Amino acid sequence: MNQNYENHRKFDPLYHVGTALLGLIMLILSIVFFFQQVGSQWLLSVIVLGFGLLLLFVTVKLRGYALQLQDRIIRNEENFRYYRLTGNLLDSKLSLKQVIALRFAVDQEYVELVERAIQENLSPDDIKKAVRNWRADHHRV
């Protein structure tokens with residue numbers, strides 16, 4: 001499948017529907033259990049609620065760690081790519097989100113788009129829309 005601006009966002013059904021939805025359902029059920037049983041089984045109620053919260057926190061944090069690591073890797077790859085093409089490092093005026101958006105540009109338009117992003121302070125969304133020849137990234141977490 002050709003990737004472009006309209007279809008570049010990744011939806012992972014196992015995570016977004018499976019893990020996240022089940023985690024939310026587990027949290028809701030643990031809250032309901034807590035309020036129904038806190039009077040007669042307070043320790044069990046607290047433990048069940050604690051596990052519900054723990055599952056939610058672990059799910060959110062693990063996803064966050066994966067995205068944070070991937071963002072760092074993309075920043076380093078794009079910095080090296082710009083260095084390879086120009087002999088210079090990327091301008092520090094570019095935000096991380098701008099650099100991440102620039103990864104979709106092919107080498108032939110990359111340098112020009114970087115300069116335009118700096119001069120016009122393009123938003124990440126504007127950068128993606130300005131890409132003429134899309135360089136797919138099918139490995140995004």
Side-chain angles (χ1 to χ4, degrees), residues 1-107 109-141:
M1 175 175 75
N2 283 341
Q3 194 178 64
N4 57 45
Y5 177 77
E6 285 77 31
N7 69 3
H8 77 284
R9 298 192 192 285
K10 184 163 183 178
F11 177 78
D12 182 1
L14 186 58
Y15 175 80
H16 290 101
V17 175
T19 307
L21 185 60
L22 285 176
L24 185 60
I25 290 169
M26 176 73 169
L27 179 62
I28 292 168
L29 292 175
S30 68
I31 291 170
V32 169
F33 181 84
F34 176 81
F35 284 111
Q36 287 179 344
Q37 303 296 324
V38 73
S40 60
Q41 297 179 354
W42 69 271
L43 182 59
L44 181 60
S45 299
V46 170
I47 291 171
V48 169
L49 181 60
F51 276 115
L53 289 169
L54 179 67
L55 179 64
L56 182 70
F57 292 152
V58 167
T59 301
V60 170
K61 288 303 283 183
L62 286 177
R63 176 78 173 165
Y65 290 147
L67 291 175
Q68 189 176 24
L69 178 61
Q70 188 159 21
D71 290 349
R72 290 183 65 189
I73 291 169
I74 291 170
R75 182 181 60 217
N76 286 331
E77 287 175 344
E78 294 308 307
N79 206 10
F80 178 69
R81 181 178 174 203
Y82 188 76
Y83 181 80
R84 183 176 45 82
L85 294 171
T86 67
N88 299 312
L89 296 177
L90 280 172
D91 194 319
S92 61
K93 294 176 191 168
L94 288 170
S95 72
L96 177 59
K97 292 193 181 297
Q98 287 175 307
V99 172
I100 291 169
L102 285 163
R103 79 185 186 278
F104 294 113
V106 295
D107 286 350
E109 63 183 285
Y110 185 73
V111 176
E112 175 189 330
L113 191 54
V114 168
E115 298 306 319
R116 189 170 158 219
I118 294 167
Q119 291 170 358
E120 300 176 25
N121 194 25
L122 295 175
S123 72
D125 201 49
D126 289 338
I127 291 170
K128 292 177 197 175
K129 288 177 182 175
V131 173
R132 293 183 302 268
N133 297 308
W134 198 269
R135 183 179 142 218
D137 180 5
H138 295 291
H139 303 289
R140 182 82 172 148
V141 171

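Computed from a prediction, not measured in an experiment: that's the story for all the values here.
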Problem set entry | From CD (Gln36) to OG (Ser45), nearest 0.5 Å | 9.5 Å
For this session: Determine the minimum heavy-atom distance between Gly52 and Ser30, stating which atoms define it.
Result: CA-OG, 3.9 Å
For this session: Look at Lys129 together with Asp125 and state whether they make a salt bridge at an N to O cut-off of under 4.0 Å.
Result: yes
Problem set entry | Heavy-atom check, side chain of Glu78 versus side chain of Leu90, under 4.5 Å | yes
Problem set entry | Min side-chain heavy-atom separation Leu89-Tyr82 under 4.5 Å | no
Seminar exercise, completed: dist Phe57:CZ -> Leu62:CG (nearest 0.5 Å) comes out at 13.5 Å
Exercise. How far apart are the closest heavy atoms of Gln98 and Pro124, and which atoms are they?
Worked result: N-CG, 4.0 Å
Seminar exercise, completed: In this structure, OG1 of Thr19 is separated from CG of Leu55 (nearest 0.5 Å) by 8.5 Å
Problem set entry | Straight-line distance of Ile25 CD1 to Leu22 CG, nearest 0.5 Å | 5.5 Å
Exercise. For Ile100, does its backbone N or O pair with a side-chain atom of Arg103 as donor and acceptor, under 3.5 Å?
Worked result: yes
Problem set entry | Close side-chain approach of Glu77 to Phe80, heavy-atom, < 4.5 Å | no
Problem set entry | Gap separating the CD1 atom of Ile73 from the CZ atom of Arg75, nearest 0.5 angstrom | 10.5 Å
Exercise. Are Asp107 and Arg135 close enough for a salt bridge, meaning some N to O gap below 4.0 Å?
Worked result: no
Exercise. Heavy-atom distance under 4.5 Å between the side chains of Ile127 and Leu113, does that happen here?
Worked result: yes
Exercise. Where is the tightest heavy-atom contact between Phe104 and Val131, given as atom of each residue plus distance?
Worked result: O-CG1, 3.6 Å
Problem set entry | Of Ile118, Asn79, Asn121, the residue whose pairing with Leu94 passes side-chain contact (heavy atoms from CB on, under 4.5 Å) | Ile118
Seminar exercise, completed: Shortest non-hydrogen pair, Lys128 vs Trp134, comes out as O-CZ3, 3.3 Å
Exercise. Does a side-chain heavy-atom distance below 4.5 Å link Val38 with Leu49?
Worked result: no
Problem set entry | Gln37 side chain vs Leu44 backbone, donor-acceptor pair below 3.5 Å | no
Seminar exercise, completed: In this structure, CG of Asn76 is separated from OH of Tyr83 (nearest 0.5 Å) by 14.5 Å
Exercise. Can you find a heavy atom in the side chain of Asp91 that is under 4.5 Å from one in the side chain of Glu115?
Worked result: no
For this session: Decide yes or no on side chain to side chain contact (heavy atoms under 4.5 Å, CB included) for Phe34 and Val48, but give the supporting numbers first.
Result: CA-CA 7 Å; Phe34 176 81; Val48 169; over 6 Å; no
